[in-house]
Amino acid sequence: MKEQEDYFDRKITERLKYAGADAPLSWPEMQELLEKSSRRSWLGWYGFFFAVLLGGGLLFYVYRPSGGSLLPGEATPVAVVQQTQESAPAAFNGFPSAPSAAGKEPGWQDGSQAPSAEYPTGRKWMLQNGHSGPRPAENNAGSAGINPPASVPAASIGRGGEPVLHAAKRQQLNRYHRTHHAAALQDMPPADISSARQNPATKEAVALNTVSDNRILSGEEPITRMRRRELLLRDPVFPAALPGINTKAAPQLQEDALLPAVISVFGTMGIEYVNYQSLLSPTEQVNFQQSWQAGNGFGMLLGYGIKKHWSLHLGIEYTRRETGFVYKTLALQRRLEIDTGMVEVQGPDSTYFVTTYDTTVVVDKTPVQLDYSAGVSVVSVPLLLHYTVVSGRWLLLPFAGVEYNARTTYRLIRKFDEERFVVINEAGLKETQSYLSVRGGFKVVHRLSQQLDVFGGLDGRYLLPLSSDKINGGGVNILFGIMIHR
Amino acid sequence: MAKALSSYAADLELARRCAAGDRKAQEDFFGRYQRRMMAVCVRYMGGKEQAADVFQEAYIRAYRLMATYRAEGPLEAWLRRIVVSTALNELKKRKMVWLEDQPEGFVLSPVFNTAQQHLQEADLLQLVASLPPGYRTVFNLYVLEGFDHREIGEMLGISESTSRTQLLKARMLLQKKIVHADPQAAPAIKKMRS
């Protein structure tokens with residue numbers, strides 16, 4: 001039985017091992033598929049990097065050190081503090097530190113002379129989680145060193161000069177106090193802590209002093225999500241960073257100012273007209289004909305508000321461009337008398353031997369066209385100044401700036417009869433050369449939500465011929481992407 | 001031996017040029033093996049449409065992996081492995097039914113030899129392709145690729161005995177198809193039965 005099986009198998013193998021069937025596609029179709037696949041693979045990589053950037057942006061958003069941005073028309077916390085410290089009566093600056101043995105703080109005046117403690121109700125506090133106002137130790141006023149922000153909402157001064165919080169606010173503060181009191185105490189000198197613990201009023205003060213929740217210190221009404229949305233839609237000017245920060249008073253806010261107000265993740269598609277002549281040999285340079293390069297890229301920008309309508313964006317961008325070149329002079333092709341499978345090609349400045357599969361033997365010289373192609377990868381660091389024009393949910397952001405560009409890879413390939421000759425760096429090895437460019441354009445932004453915008457736009461770039469290799473040219477790009485607000 | 005080494009060197013050169021993006025070499029590579037690889041695809045996949053999909057995918061994979069060819073064997077065998085592996089991946093996506101009932105032993109038909117000789121290569125290929133997927137896959141892997149039952153079991157996630165059963169059934173069914181497909185074999189069978 002085994003022999004019969006083996007015989008059967010052997011016979012089938014003999015007939016089928018090297019059997020053939022008509023291929024479902026011809027070579028040109030296969031070639032097209034290969035090119036598509038190569039493009040898809042690049043798209044896949046772009047998609048991957050775009051997703052990484054996007055993910056990074058979202059992670060940044062989720063784990064950002066502070067929890068909100070300034071809305072239009074809102075003063076910065078520091079500005080409020082400074083303003084209130086300047087404008088509030090000296091007595092109020094002491095409020096509501098632990099009463100001294102005499103029951104009143106030095107400088108604390110009669111309640112009748114004190115201004116209303118509902119102050120400054122018009123201001124909205126947007127202090128971020130984890131940020132306090134001026135630290136107790138850094139305050140001048142208040143013997144116990146416990147000095148709340150001057151704006152104590154929904155509170156008034158009692159007969160004895162002690163602070164009296166309105167019932168609703170007290171309830172709110174108590175709730176807050178339970179969770180934040182310990183954190184507040186951490187910032188205080190030990191002596192102050194013990195003092196604060198002995199006096200219930202001081203506890204409130206501690207809570208007030210360290211409060212960082214805008215819902216509590218927002219004056220009369222908490223800024224709800226809805227309210228923020230209204231404000232956003234009413235005047236959605238690009239969020240400004242924190243200007244004029246008193247670093248002594250608020251080192252954390254200074255730190256905060258280093259964080260961008262907005263992150264843009266974007267892709268680009270465009271064409272460039274860049275002269276790579278200087279990469280060629282002198283003879284080739286004469287014959288070189290510049291051409292347009294199509295390409296695409298992606299990048300990320302970190303935006304910092306500097307004024308109400310102005311913002312500065314710093315980032316990084318990767319672009320990749322491919323092009324074909326036309327060589328002005330024809331090379332000469334001479335097939336050798338003996339068929340060696342090689343063809344001699346005499347270019348304008350050198351001679352090449354090309355492997356050929358054609359067995360035709362030609363002894364005369366015939367002119368042939370040499371094709372060139374170039375591939376370039378550039379990493380750019382743009383610094384762009386944006387101006388914001390607002391129209392409802394739509395924003396127009398014209399921008400301009402400079403860019404540092406580092407060409408990380410480039411290759412220039414000479415082709416003849418589908419045979420490739422590397423002129424420069426076929427493997428695309430790193431051979432960084434840098435140059436500067438100026439860039440300008442505009443973005444049209446649509447605000448999807450308080451934190452997320454989408455945008456499209458157009459920009460132009462001009463390469464400054466300052467680099468050693470004298471690369472010059474320019475190009476235009478279509479931009480598209482998203483903006484994530486802090 | 002020297003000839004074989006030389007052949008591998010030529011294969012290596014071709015692969016190197018394909019990997020470098022040389023279109024002429026890629027065309028040569030495509031032209032050399034396309035018919036055989038398509039036949040492999042048909043044997044595994046059954047239908048021509050599915051075979052064409054696998055063929056395209058396998059070739060794209062091969063071009064992408066070309067730089068990994070180390071000339072440890074002929075380029076054709078290397079490509080064949082890619083084609084078979086692509087076909088198996090595709091087959092694994094489908095649900096194959098593995099019948100466990102043990103058939104009786106295989107008995108070679110006296111008319112098998114003449115019947116298979118009368119068949120054209122393409123017809124025989126079609127008969128193999130027309131076997132049920134489970135039979136066909138095991139038969140191809142065992143008879144034409146030379147894997148043993150343990151390896152087939154690992155590749156397809158089945159037991160060795162299942163693989164044996166599938167092979168036995170495949171042989172029996174294929175022999176039956178071959179004999180029936182040969183018009184000259186039919187009278188001989190009738191005569192034998194009578």
Side-chain angles (χ1 to χ4, degrees), chain A residues 1-42 44-45 322 341-343 354-358 371 373 375 411 413-422 426-428, chain B residues 13 17 20-28 30-31 33-43 48-49 51-53 55-57 59-61 63-64 76 105-109 112-113 116-117 119-122 124-126 128-129 139-140 142-146 167-168 171-172 174-175 178:
Chain A
M1 193 180 292
K2 180 85 170 79
E3 291 77 30
Q4 290 180 9
E5 286 176 354
D6 288 346
Y7 179 82
F8 180 85
D9 292 354
R10 196 167 60 248
K11 284 292 169 192
I12 298 293
T13 308
E14 280 169 10
R15 297 292 306 277
L16 289 185
K17 183 80 176 175
Y18 298 106
D22 290 339
L25 69 175
S26 63
W27 167 243
E29 289 167 331
M30 186 71 222
Q31 195 173 358
E32 201 177 313
L33 267 179
L34 277 176
E35 277 159 14
K36 267 188 196 164
S37 152
S38 164
R39 277 199 295 273
R40 269 203 300 271
S41 140
W42 269 105
W45 277 109
E322 294 281 348
M342 306 287 279
V343 168
V354 187
T355 315
T356 179
Y357 295 91
D358 192 349
D371 294 322
S373 73
R411 55 194 175 161
I413 296 163
R414 182 189 294 115
K415 284 194 278 189
F416 163 71
D417 194 21
E418 294 301 319
E419 191 82 11
R420 291 147 61 97
F421 297 94
V422 181
E426 183 179 32
Chain B
E13 172 63 13
R17 291 177 53 207
D22 183 335
R23 287 289 186 226
K24 194 88 181 170
Q26 287 177 348
E27 185 181 359
D28 184 42
F30 180 77
Y33 306 117
Q34 55 163 331
R35 284 185 55 79
R36 285 181 195 171
M37 294 310 133
M38 184 58 191
V40 174
C41 293
V42 170
R43 274 199 283 114
K48 279 204 168 175
E49 270 182 33
D53 290 345
F55 177 87
Q56 286 177 19
E57 196 184 328
Y59 257 96
I60 288 170
R61 272 181 74 191
Y63 283 120
R64 206 177 291 153
E76 184 181 353
F106 175 78
V107 181
L108 192 67
S109 164
F112 164 73
N113 204 20
Q116 63 90 14
Q117 282 171 358
L119 284 176
Q120 295 292 317
E121 194 179 74
L124 190 56
L125 187 64
Q126 272 315 116
V128 173
F139 182 81
N140 277 318
Y142 186 90
V143 177
L144 292 148
E145 313 301 339
L167 178 64
L168 190 53
R171 279 197 193 109
M172 290 165 75
L174 182 61
Q175 177 175 246
I178 290 170

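Here is how names work: the chains are called A, B, and so on, in the same order as the sequence lines, proteins then strands, and each is numbered from 1.
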Side chain to side chain donor-acceptor pair (under 3.5 Å) between B:N113 and A:Y7, worked out | CA-CA 10 Å; B:N113 204 20; A:Y7 179 82; 2.8 Å; yes
For B:Q34 and A:L25, run side chain to side chain contact (heavy atoms under 4.5 Å, CB included): C-alpha distance rounded to whole Å, both residues' side-chain angles, the deciding distance at 0.1 Å, then the answer.
-> CA-CA 9 Å; B:Q34 55 163 331; A:L25 69 175; over 6 Å; no
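For the pair A:D9 and B:R171, the minimum side-chain heavy-atom distance is below 4.5 Å. Here the side chains of A:M30 and B:I60 are in contact, with some heavy-atom distance below 4.5 Å. In this structure the side chain of A:I12 never reaches within 4.5 angstrom of the side chain of B:Q116, judged on heavy atoms. You'll find the side chain of B:R23 reaches within 4.5 Å of the side chain of A:E35, heavy atoms only.
Comparing B:E27, B:M37, B:E121 by heavy-atom pairs within less than 4.5 Å of chain A, the highest count is held by B:E27. Across A:A19, A:A23, A:P28, A:S26, the residue that shares the most heavy-atom pairs under 4.5 angstrom with chain B is A:A19.
With A:D22 as reference, B:R35 is the one residue of B:K48, B:M38, B:R35 to meet the side-chain contact (heavy atoms from CB on, under 4.5 Å) rule.
Taking the ring pair (Phe, Tyr, Trp, His ring centres under 6.0 Å) definition, one finds that B:F112 meets it with A:F8, sequence neighbours left out.
For B:V40, no part lies under 4.5 angstrom from a heavy atom of chain A. Heavy atoms of B:Q120 lying under 4.5 Å from chain A belong exclusively to its backbone. Interface residue B:Y142: only side-chain heavy atoms are found under 4.5 Å from chain A. Of the two parts of B:E76, only the side chain, counted from C-beta on, holds a non-hydrogen atom closer than 4.5 Å to a non-hydrogen atom of chain A.
Surrounding CD of B:E49 are at most 12 heavy atoms belonging to other residues, nucleotides or ligands under 6.0 Å away.
Taken from CD in B:E145 to OG1 in A:T13, the straight-line distance is 9.5 Å, to the nearest 0.5 Å. Between the NZ atom in A:K11 and the CD1 atom in B:I178 there is a gap of 12.0 Å [rounded to 0.5 Å].
Contact record, A:A21 with B:L125: CB-CD2, 4.1 Å, taken as the closest heavy-atom pair. Residues A:L34 and B:Q26 approach most closely at CD1-OE1, 3.9 Å, considering heavy atoms. Pairing each heavy atom of A:R15 with each of B:L119, the nearest pair is NH2-O, 2.5 Å.
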